[in-house]
Structure formats: structure tokens, C-alpha cells
Protein chains: 2
Amino acid sequence: MPQLRLALAQVNACVGDLAGNAELVVRWTRKAVEAGAHLAVFPEMVLTGYPVEDLALRESFAQASKEALDGLAARLAEEGCGDIAVFVGYLDRDAGGVRNAAAVLHGGQVVARQFKHHLPNYGVFDERRYFASGDSLDVVRVHGVEVGMVICEDLWQDGGPIAALGEAGVDLVVSPNASPYERKKDDARLALVTRRAAEAKAPLAYVNLIGGQDELVFDGDSMVVTADGALVTRAPQFVEHLVVLDLDLPGGAARAEGVVGEFTVHRRTLSERPLPRYEPLPVPQPAEPLPDEAEVWYALVTGLRDYVHKNGFRSVVLGLSGGIDSAVVAALAVDALGADAVHGVSMPSNYSSEHSKSDAADLAQRTGLHYSVQPIADMVGVFVDQLGLTGLAEENVQARCRGVTLMGLSNQHGHLVLATGNKTELAVGYSTIYGDAVGGFAPIKDVLKTLVWDLARWRNAEAEKLGELPPIPENSITKPPSAELRPGQVDTDSLPDYELLDSVLDDYVEGDKGYRDLIAMGFTHELVDKVLRMVDRAEYKRRQYPPGTKITFKAFGRDRRLPITSGWREG
Amino acid sequence: MPQLRLALAQVNACVGDLAGNAELVVRWTRKAVEAGAHLAVFPEMVLTGYPVEDLALRESFAQASKEALDGLAARLAEEGCGDIAVFVGYLDRDAGGVRNAAAVLHGGQVVARQFKHHLPNYGVFDERRYFASGDSLDVVRVHGVEVGMVICEDLWQDGGPIAALGEAGVDLVVSPNASPYERKKDDARLALVTRRAAEAKAPLAYVNLIGGQDELVFDGDSMVVTADGALVTRAPQFVEHLVVLDLDLPGGAARAEGVVGEFTVHRRTLSERPLPRYEPLPVPQPAEPLPDEAEVWYALVTGLRDYVHKNGFRSVVLGLSGGIDSAVVAALAVDALGADAVHGVSMPSNYSSEHSKSDAADLAQRTGLHYSVQPIADMVGVFVDQLGLTGLAEENVQARCRGVTLMGLSNQHGHLVLATGNKTELAVGYSTIYGDAVGGFAPIKDVLKTLVWDLARWRNAEAEKLGELPPIPENSITKPPSAELRPGQVDTDSLPDYELLDSVLDDYVEGDKGYRDLIAMGFTHELVDKVLRMVDRAEYKRRQYPPGTKITFKAFGRDRRLPITSGWREG
């Protein structure tokens with residue numbers, strides 16, 4: 001049986017940074033060559049980053065992508081990486097339209113290229129807005145092994161390229177992906193890859209991006225599965241990683257060319273004969289998928305770190321209220337950026353409790369972040385007196401003076417402001433626009449309040465396991481939450497109990513259940529009425545909220561597109 | 001030749017308001033019946049409003065739409081409108097998916113229904129995200145006339161339903177549309193309708209929505225064109241209107257049924273025999289399309305009025321700086337809502353010039369809006385002193401204290417805040433986030449600065465024509481623009497001359513030209529470098545900006561989707 005050494009390069013690309021991404025490919029290909037690999041596979045559209053959104057429509061960008069690809073092929077050869085076959089995703093544009101494409105680079109040339117066939121157009125994906133579908137398949141022969149490729153969604157849809165490759169005959173399938181992390185996918189990827197490997201009658205090497213890109217975060221989880229469904233190895237999540245492994249491949253696949261079903265199959269030979277038999281490397285141990293809270297925590301840390309760094313910031317500033325939300329955001333920021341890059345500001349008002357100040361100070365001490373205190377009483381006083389504000393208008397002006405304070409510090413010192421609102425608040429509009437919603441990034445925007453508490457407990461327990469000081473003050477976890485915008489206020493004055501609220505939100509938002517369904521599930525009319533009314537009214541605020549890392553599919557963000565102006569009411 | 005009296009109901013629906021939209025259909029059908037019409041046509045998805053965005057994915061909403069349609073059919077019969085054939089757009093959902101649909105209501109029943117075939121998925125449209133395509137055509141026979149229908153995009157794409165109807169044989173085509181206003185379309189609609197009427201070999205009655213829906217504004221412009229290309233009549237833009245006219249129709253069309261090309265044609269007979277000959281009404285004079293500035297002005301007025309009213313507000317508040325932008329927004333608001341619903345606030349700082357105050361007061365007097373003065377020196381002083389702000393941080397805090405002031409007044413008195421930024425500022429990021437960008441709606445968000453001046457001159461000239469006082473002070477039009485955030489500041493300190501800047505922006509943003517194209521067009525390297533760098537960096541601010549009426553296709557808004565995090569630089 002022919003042998004082949006594969007390198008799966010699970011890397012972190014940045015959208016639009018063609019030069020930087022090309023450099024990334026060179027760097028990781030060099031590692032693959034040093035490890036003796038014969039074939040290296042990079043994620044979907046690694047050269048442009050993913051998703052490029054409307055940059056795809058710009059002719060100059062597509063042209064630059066194609067030039068960068070040619071340049072990369074030449075550069076790899078110059079760097080002594082001309083013998084390895086390198087699979088690189090990029091953006092193409094031809095007479096048929098703009099293409100989500102992958103190419104094989106070898107010997108200084110682009111020797112094969114294939115366009116994605118199935119274009120996802122749901123959830124976070126808008127590919128039919130951008131791309132024209134491809135229907136030809138380029139199979140390359142590497143050291144006697146017929147290697148086919150399928151790009152991301154082409155793996156998820158029944159029929160299509162995988163079935164055609166299975167029929168035409170391949171010895172190995174490689175699949176470049178840009179598949180965002182999504183909570184509780186129940187290991188759908190492993191099941192899928194296993195099924196497709198069987199359909200292709202060949203082992204399948206799945207390679208995914210890692211890293212944050214605006215609201216998306218990619219978790220990696222690259223893997224190799226054999227034709228008979230055995231998991232060979234699997235990369236750890238949320239880190240750049242090179243999987244190197246040897247495969248024994250049949251090498252005797254049929255070699256049909258031309259029209260197969262709705263596709264046209266081309267064959268390109270890079271090297272006809274199998275390699276002389278060599279001693280394989282030990283197979284790397286498959287990484288275990290992370291448990292739920294850990295997975296979410298690393299998704300949030302990764303999304304935050306990349307948003308800050310890829311946008312050219314070095315430090316962040318956030319308000320510390322002593323409450324659970326700002327404590328969790330601060331702990332995430334310290335894990336993502338280091339304590340020295342995190343600036344916490346306590347901004348007490350006349351209504352702030354003693355514990356709100358002491359809990360904030362305790363958090364600062366535990367995490368080592370930079371801590372300062374800026375009372376807002378004087379600012380608030382001028383607005384309230386001059387404008388004659390009362391009630392809700394007076395409550396909001398407090399939140400807005402905090403927003404102006406944080407933005408002032410941001411402009412003066414160059415920190416990015418983090419907004420600390422959670423998904424529950426955002427869903428029901430329990431938030432002040434231009435107040436606590438101020439910020440460039442909202443790390444827990446997509447985390448329901450009950451999960452915020454779970455994450456805090458998990459992070460503290462992790463610290464204890466490692467013999468470290470838990471970052472989050474116990475009192476911030478256990479005390480009843482309050483916005484402290486008037487004396488004695490607690491969240492449950494305005495909101496249902498968070499356990500109940502979060503379960504209605506989960507069913508209404510993520511589950512797309514209607515009023516009648518919710519009642520049938522056993523929620524009371526009063527609760528459902530109240531929650532749905534709040535959610536339906538909060539759309540404008542949600543649209544004005546800064547981006548945050550998406551961990552569930554129907555997060556509030558660009559993937560959930562609702563009219564602001566709407567007369568629709570459930571029930 | 002059989003005769004038929006058509007009523008084209010150019011109406012203003014609200015997304016999601018099924019009960020209100022059904023009421024609208026009843027009200028206008030009654031008018032059609034009173035006018036003796038035999039057939040009434042309403043716009044695309046009139047029952048749900050357009051676009052419903054992710055409401056389409058909610059099963060309970062589709063169910064409610066279908067129930068509302070059945071209810072409407074019954075209601076029309078009860079109201080004595082059972083004899084007229086009423087074409088009503090709605091949202092359907094069947095085993096094949098969610099549908100953009102239109103039905104014919106007659107005799108208390110839904111007697112025919114058709115699903116849109118071509119689903120636009122570009123620009124402001126995302127229909128492939130929501131809808132499954134239909135491939136059957138329901139032709140109804142009304143008083144001996146075979147009437148086919150095509151929904152919106154099915155008119156714009158070559159081939160498809162129109163060609164099939166032409167082949168199968170119809171005497172009349174009606175087309176329900178939701179076609180947003182777009183500046184300088186060069187009367188593309190008339191040319192299109194003329195071409196399609198020829199292909200269908202039958203007169204074509206085109207009916208469009210009017211009114212604002214979030215960022216979109218529909219202009220109506222409903223029309224009827226004969227098979228040989230003569231424009232019979234045309235409705236005025238931006239107003240609800242019922243076109244009633246009599247047509248002599250051949251009535252001898254072929255009546256093929258079953259498979260025609262990729263479609264299946266069904267025939268339904270509502271009334272077999274032609275009507276006895278009657279005296280036709282005089283043909284209504286075709287409305288002239290509005291000249292450019294007038295068209296833009298009415299688009300902005302319509303978008304603003306509907307955003308305010310459909311969201312349940314009765315009044316607006318805005319900052320009056322004495323400059324051209326706030327003067328034009330104030331004049332738009334007075335035209336849209338009446339002077340009594342408009343509250344202008346002058347918020348001078350220590351750097352504000354005398355004329356900024358006197359020009360604001362002059363504007364207030366000319367338009368009759370409510371005027372007040374709130375100096376911001378005290379608020380700004382507290383922030384600057386306590387936080388030690390200097391330079392840009394100090395400049396921004398002024399804009400933000402104005403934002404907090406307007407929001408305070410909004411919360412206290414219930415006004416919607418209008419943001420006064422124009423498209424040029426927004427494009428290059430010459431705006432303070434949480435400062436002058438504060439507001440619920442930004443009326444001139446999509447108007448380049450040079451067009452803001454043109455609109456001001458046009459509006460004043462219109463007033464003079466009518467013998468009224470021009471609303472905008474001459475000095476606001478002629479003085480050099482300044483943000484007045486530091487002593488002696490003028491816009492040209494930071495920005496290129498507006499004429500030049502706007503022409504680069506028009507080519508870069510609307511024209512999708514690249515760096516090399518712009519240089520080839522004769523702009524200097526220095527200018528192109530500067531403008532493109534500013535535009536590419538401003539994406540985050542644009543995404544945080546409130547919605548505003550779209551007048552050009554590639555406005556900054558949800559239709560232009562760019563990554564915030566991006567390493568791409570033109571040039």
C-alpha cells in the first residue's frame with residue numbers, strides 16, 4: 001500500500017490580510033516540510049480569511065487574491081517547499097462569477113483548482129450573495145495516491161462532490177473548512193466526517209480554521225477518519241496546531257475522468273509512483289473534545305483576544321460594578337490578554353452599595369488588573385439638574401455618564417472599551433443604549449445570564465484545581481443582581497427569575513417556538529406575554545449593540561435579522 | 001374586445017402588522033368597488049409588509065399570515081367586495097418551504113395562489129435565505145379575460161414566468177411589487193415593464209408599495225403599459241393612490257394548461273363571459289416622475305415619517321448646530337411631521353461661534369419648530385477635569401455630552417432623537433460614536449454632503465416658488481462647515497474638499513472601483529490614499545450608526561456587509 005505523510009495546518013487567518021495570511025501559509029508549510037510531510041492542507045479561504053463578506057464583490061480584491069496565490073506558489077518553491085503538495089483556500093473570480101476556491105500548489109505553480117459547489121445561505125452564511133457554484137473536481141495524484149478535495153459545505157450536503165468522488169475513485173479526500181464554533185453541536189462533525197469517508201470510500205482529512213473573526217470564532221477540531229469509520233487523530237480546539245501523520249492508502253482507486261453525475265472530474269499527476277516504504281511516525285493521540293463550560297470559556301477568550309489584537313489594540317478598559325457580568329468579562333480579558341493589558345474602572349454613583357465597590361476592588365486584586373475609581377456623582381448631577389431629569393431618564397443618565405467616562409479613557413489612553421452586557425439583558429432590552437451598551441466589543445453578548453454564573457463557578461473551580469486564587473469574588477456570584485440605578489433596586493423588580501427567563505428565551509429565540517408552543521410547554525401566559533413583549537420591543541437596542549463572540553447559532557447579531565419597525569406580536 | 005376595469009392599489013403596509021394590513025386591503029378594495037372595478041391588485045406581500053426578514057423563519061408567523069389571508073377573503077365578501085377579484089401578496093409555508101406568495105381572493109375564498117420563482121439575493125435582498133422558489137402559475141379568467149401574474153423579481157429576470165405566460169397565453173398580466181426607491185434608476189422600471197409586456201404579448205399592470213420600512217423606502221410609481229409598449233397611465237410617487245382605468249383586452253388568448261417550459265400552468269375560471277359593453281372612464285393622466293432633488297426630498301420625508309410613526313413615536317428632538325446638516329434634517333422633520341412635533345436644541349460649548357447660535361435660532365423661527373438652548377460647558381467641564389482629557393478625547397466628550405443631553409430629553413419627554421450626520425462624514429468616520437451619532441434614526445445618513453447642500457437650495461427655492469419663507473438660513477448654506485470642537489476648526493483641516501471627497505466616495509463605494517481604477521480616473525495618489533484609508537477604517541462606526549433612509553443602492557447599512565476586522569487595504 002502506498003504511504004503518504006499528511007500535515008493538517010489548523011491556523012488562524014485574518015480577513016483581508018493577504019500578505020499576512022500568505023506568510024502564515026509559508027511558515028506552517030515549512031513546519032510541515034521539516035516534519036517530512038508530502039501533502040499539507042490549510043483551511044477554507046485561508047489566504048483571504050473567512051468570511052470576507054462584501055469584499056468578495058470588489059474586483060480589485062479578487063484580483064489581489066489570485067495574484068497572492070500565484071505569488072505564494074512561487075514563494076513556497078523559493079523557500080524549499082516546492083515538493084510538497086499544498087492545498088490552499090482562496091477567492092477566485094472568472095467569467096462565471098466570484099468563487100470560493102481551493103488550489104493545489106506544487107513546484108512553484110498552481111497545479112489544480114476547485115470551486116465550492118454547495119453554497120450555504122442560512123444562519124451566519126450568505127454565500128449565495130457572493131459566490132457562483134462550481135461543478136468540476138480536480139483530483140491530484142501524489143506519490144501514487146489519488147487525492148480529491150471537498151470544500152466545507154460540500155461535506156454537509158447529501159449528494160454532491162463526495163458522492164461523485166466516491167464514484168470516480170479516490171484514495172484520500174482532504175477537506176478545507178471554515179466552520180464556526182457552535183455550542184452543543186453534539187459532535188456532529190465527527191459523525192458527518194465518518195459518514196462522508198464511507199461514501200467516498202477513502203480516508204477523509206478535515207481541516208478547520210481557528211480564531212476569532214468579528215462575531216465568529218472557529219474552533220479547529222481538525223481530524224482524520226478512515227473509510228471504515230475509525231477516528232485516527234484529532235487536533236485540540238482553539239489553538240493553532242499542525243497534525244502530522246502517516247497513512248497507508250490503497251492506491252488502487254478507479255481513475256474515472258470526465259462527467260460523473262453533475263460534475264466534471266479532472267486528474268492531474270504530480271508524482272505517479274508510490275514512495276519506497278518508510279517507517280511511519282507514531283500516530284498522534286486524538287485530543288478529547290472539551291467539556292461544555294471549558295469549550296465556551298475558550299471560545300470567548302479566543303474571540304476576545306483576536307478581536308482586540310486583529311483590530312490593532314493592545315489593551316482594554318471596562319467598568320467594574322462588583323456584579324457578576326463585569327467580573328466574568330474581566331476574568332475573560334485577563335485570560336485573553338494578560339492582566340497588564342486590562343484596565344478596570346469602578347464608577348460608583350450615589351446609589352452604589354458598599355459591596356459594589358469592595359467586590360470590584362477584590363476582583364482587581366485577585367486578577368491583578370489595573371484598577372481605578374471614578375465617581376460619577378458630579379457628572380450626573382449637572383445633567384439631572386440642568387435638564388430636570390426624573391425617573392427612567394435619571395436612571396439612564398447614570399449609565400450614560402459611565403459610558404462617556406469609559407470612552408474618554410479609551411480616547412485618552414488608546415484602550416478598547418469592553419461592554420459587559422449578557423445575552424439575557426440584551427434579549428429583553430434591560431440595558432441602556434449609549435450607557436452600559438457602550439463599547440467596541442461585548443464578550444458575553446451571546447451568553448445567557450444563568451450560563452454567566454456557571455462560567456464563573458467553572459473558572460473559579462479550575463483555578464482551585466491548579467492551586468491558583470479563583471479570579472471571581474464569591475460575593476459577586478452569590479449576591480442578587482442589581483443595576484443599582486435607584487435605591488434598593490434589584491433585577492427581579494423588572495425581570496422574571498433568571499432561570500425561568502433564560503428557559504423561555506432559549507425556546508423562543510434559539511428554538512423558534514411560537515406563543516402557543518411555549519404555553520403548551522408549560523410556561524404561564526403571564527410569563528410568556530411578558531418575555532415575548534420585551535424581546536419583540538428590544539430589536540433596536542440589539543442592533544446598536546457592539547459585536548461579541550457567537551457561541552450559539554441564533555445569537556443576537558447579524559445572523560438574526562429582524563425588522564426594527566414591526567407590528568407583529570406573538571400570541 | 002372584452003373590457004375590464006382595473007384598480008391598482010398603491011398602498012403603505014407595515015411589516016408584521018397582519019391585522020392592520022388586512023384592514024388596509026379592505027379599505028382600498030372598498031374604494032375599488034365603489035369605482036366599479038372588476039379586479040384590484042395590491043403590492044407584493046402587502047399582508048405581511050416587506051421585507052419580513054427572519055420573521056419568515058418563524059412558523060407561527062407564516063401560520064398567522066395564512067390565517068389572515070383566509071380571514072381577509074371572508075371579510076371582503078362580508079363587506080360586499082366578494083365579486084371583485086383581489087390580488088393580495090402574503091407569506092405562505094407548505095411542505096416545500098416558506099414562500100413569497102400572491103393569492104387571488106374572490107367570493108369569500110382564496111381561488112388561486114402563486115409562489116415567486118426568481119428570488120433576489122443581492123443588495124438589500126436576501127430572499128434565498130428565506131424562500132423556496134415556486135414553479136407553478138395560476139391564471140384566472142375574469143369576465144372572459146385570462147389574467148396571469150408575476151411577482152416582482154420574476155419581472156426583472158430574463159426567461160421565467162413572463163416567457164411562460166407569453167407562451168401559454170394570457171390577455172393581461174398583473175405584477176405585485178415591493179421595489180425600493182433607488183436614486184437615478186434612469187426610469188429602468190418603465191423600460192422593463194414595456195419589454196415584459198411585449199414578451200407576454202399582453203398589457204402589464206405594475207403595482208408597487210409606497211412608504212418607509214426601516215432603511216428602505218418604496219416610491220410606488222405603479223403603471224400600466226400595453227403589449228405594444230404604450231404607457232397608459234402612471235401613479236404619482238410616495239403617496240398612497242388608487243389607479244382606476246378601463247382596458248379593452250383581446251380576450252382571445254390561447255389557453256394552454258399543464259407544463260410550459262419549467263412551469264406548470266393552472267387555469268381557474270372566476271367568470272367565463274365578457275361583460276356587456278360599457279362606457280369606459282376617462283384614462284387618468286400619467287403622473288410625471290419627479291425631478292432628482294424633489295424625488296430625494298420626498299424619499300427622505302417619507303422614510304422619516306414612517307420610521308417615526310410606525311415605531312409609535314409622535315415627536316422628534318435633534319441638536320441644532322447652525323450648520324447645514326442639522327438645518328436640512330430639521331426642515332425634513334418639519335415637512336414629515338409638522339413643526340409642532342419637532343424639538344430643536346442648541347447646545348453651545350465654549351468653542352461655539354456666535355453664528356452657530358444665531359443661525360440655529362433663525363432656522364427655528366423660519367420653520368416654527370420648538371426651540372431651546374442647553375449649554376454644555378458645565379457637563380464637559382466635569383468630565384475633562386476629573387478624567388484629565390486632552391486633544392481628541394476632549395473634542396469627543398463635547399459631542400458625547402450633547403448625545404447624553406438629547407437622550408435625556410428623549411427619555412424625559414418621549415421624543416425620538418434624530419442623528420444629523422451625512423453619508424460623507426459616515427463614510428470617512430468623521431463623527432463621534434456615542435456623540436453626534438446618537439439617535440434612533442439618521443435621516444441623511446445616505447446623503448453625500450454635496451447633495452445636502454443641493455437639497456437645501458432646492459427646498460428653499462421651492463418655498464420661494466410658493467411664496468413661503470425658505471426654511472433654511474442662507475448663512476447655514478454658505479458658511480464653511482465646522483464641527484466647532486476646538487477653536488477655529490473647519491472640516492477641511494481633516495478632510496479633502498467636499499466636491500473631490502464626494503466624487504471619490506461615489507466611485508469607491510457606489511461604483512466599487514479599486515485603487516488603480518481611481519488613479520486611472522485622474523484622482524491623485526495622495527487623495528485616493530487618504531480617502532480609502534479613512535473609509536476602510538470607519539467600518540465599525542458605520543455599523544454602530546442608527547438606520548436612515550436608503551436613497552442609493554450601496555448605502556452604508558445592512559446592504560453593505562463588510563468585516564470590521566480586516567487586513568485589506570486597497571493600493
Side-chain angles (χ1 to χ4, degrees), chain A residues 14-17 20 51-55 57-61 121-122 126 128-129 213-214 307 310-311 374 378-379 382-383 386-390 392-393 396-397 400-401 403-405 407-409 411-412 434 438 440 512 514-516 540 544 546-547 560-568 570, chain B residues 14-17 20 51-55 57-61 121-122 126 128-129 213-214 307 310-311 374 378-379 382-383 386-390 392-393 396-397 400-401 403-405 407-409 411-412 434 438 440 512 514-516 540 544 546-547 560-568 570:
Chain A
C14 176
V15 159
D17 187 7
V52 294
E53 302 189 63
D54 280 10
L55 282 179
L57 305 179
R58 194 164 274 279
E59 200 171 335
S60 54
F61 184 67
N121 206 73
Y122 53 83
D126 281 301
R128 290 200 196 172
R129 178 177 169 92
Q213 172 64 41
D214 293 351
Y307 193 87
K310 289 181 180 177
N311 283 302
Q374 292 290 356
D378 292 350
M379 304 141 180
V382 181
F383 283 103
Q386 180 173 326
L387 303 175
L389 304 181
T390 57
L392 188 72
N396 282 337
V397 100
R400 294 196 179 111
C401 284
V404 174
T405 298
M407 288 304 297
L409 296 172
N411 288 159
Q412 190 73 34
Y434 315 124
V438 159
D512 257 334
Y515 187 95
R516 293 172 217 178
Y540 182 83
Q544 300 290 308
R560 195 167 169 80
R561 300 176 193 159
L562 287 168
I564 298 169
T565 306
S566 170
W568 171 242
E570 281 276 355
Chain B
C14 176
V15 159
D17 187 6
V52 294
E53 302 189 65
D54 280 11
L55 283 179
L57 306 179
R58 196 166 273 279
E59 200 173 334
S60 54
F61 184 67
N121 206 72
Y122 53 82
D126 281 301
R128 290 200 196 173
R129 178 178 170 91
Q213 172 63 42
D214 292 351
Y307 193 87
K310 289 181 180 178
N311 283 302
Q374 292 290 355
D378 292 350
M379 303 144 180
V382 182
F383 283 103
Q386 181 173 326
L387 302 174
L389 304 180
T390 56
L392 187 71
N396 282 336
V397 100
R400 293 195 179 111
C401 284
V404 174
T405 297
M407 288 303 296
L409 296 171
N411 288 160
Q412 191 72 35
Y434 315 124
V438 159
D512 257 334
Y515 186 96
R516 292 173 218 176
Y540 182 83
Q544 300 291 308
R560 195 167 169 79
R561 301 174 191 160
L562 287 168
I564 299 169
T565 307
S566 171
W568 170 243
E570 281 276 354

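Letters go in sequence order (proteins before strands), and every chain restarts at 1.
- The residue among A:Glu59, A:Gln213, A:Lys310 with the most heavy atom pairs within less than 4.5 Å of chain B is A:Gln213.
- Interatomic distance, B:Tyr515 OH to A:Arg58 CZ, rounded to the nearest 0.5 Å: 14.0 Å.
- Within the 4.5 Å cutoff, side-chain heavy atoms of B:Gln544 are placed close to those of A:Pro547.
- Looking only at distances, no side-chain donor or acceptor of A:Asp214 sits under 3.5 Å from a matching main-chain atom of B:Pro563.
- Contacts of A:Tyr122 with chain B are made by backbone atoms alone, with heavy-atom separations under 4.5 Å and no side-chain atom involved.
- Considering only heavy-atom pairs separated by less than 4.5 Å from chain B, the leading option among A:Gly16, A:Pro51, A:Cys14 is A:Gly16.
- When the candidates A:Cys401, A:Ala393, A:Gly403, A:Gly408 are compared by the number of heavy-atom contacts under 4.5 Å with chain B, A:Ala393 comes out ahead.
- Heavy atoms only, all atoms of each residue included: A:Leu562 and B:Leu55 are closest at CD2-N, 3.7 Å.
- Each of A:Leu57, A:Leu409, A:Thr390 has some count of heavy-atom pairs under 4.5 Å with chain B, and the biggest count is that of A:Thr390.
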Exercise for the section: Please assess A:Thr565 against B:Tyr307 for the test side chain to side chain contact (heavy atoms under 4.5 Å, CB included), listing each intermediate value before the final yes or no. Expected result: CA-CA 7 Å; A:Thr565 306; B:Tyr307 193 87; 3.9 Å; yes
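- In this structure, the separation between OG1 on B:Thr405 and CG on A:Leu387 is 5.0 Å, given to the nearest 0.5 Å.
- Comparing B:Asp378, B:Val52, B:Asn311 by how many heavy-atom pairs each has under 4.5 Å with chain A, the most go to B:Asn311.
- The closest side-chain heavy-atom distance from B:Asp126 to A:Asp126 is below 4.5 Å.
- Side-chain contact between A:Asn411 and B:Arg400 is present, with heavy atoms from C-beta onward closer than 4.5 Å.
- The two residues A:Gly440 and B:Tyr540 have their closest heavy-atom pair at CA-OH, 3.1 Å.
- Closest of all the heavy-atom pairs between B:Gly514 and A:Ser60 is CA-OG, 3.8 Å.
- Salt bridge status for B:Asp54 with A:Arg561: absent, with no side-chain N to carboxylate O gap under 4.0 Å.
- A distance of 8.5 Å separates CD of A:Glu53 from CD1 of B:Ile564, quoted to the nearest 0.5 Å.
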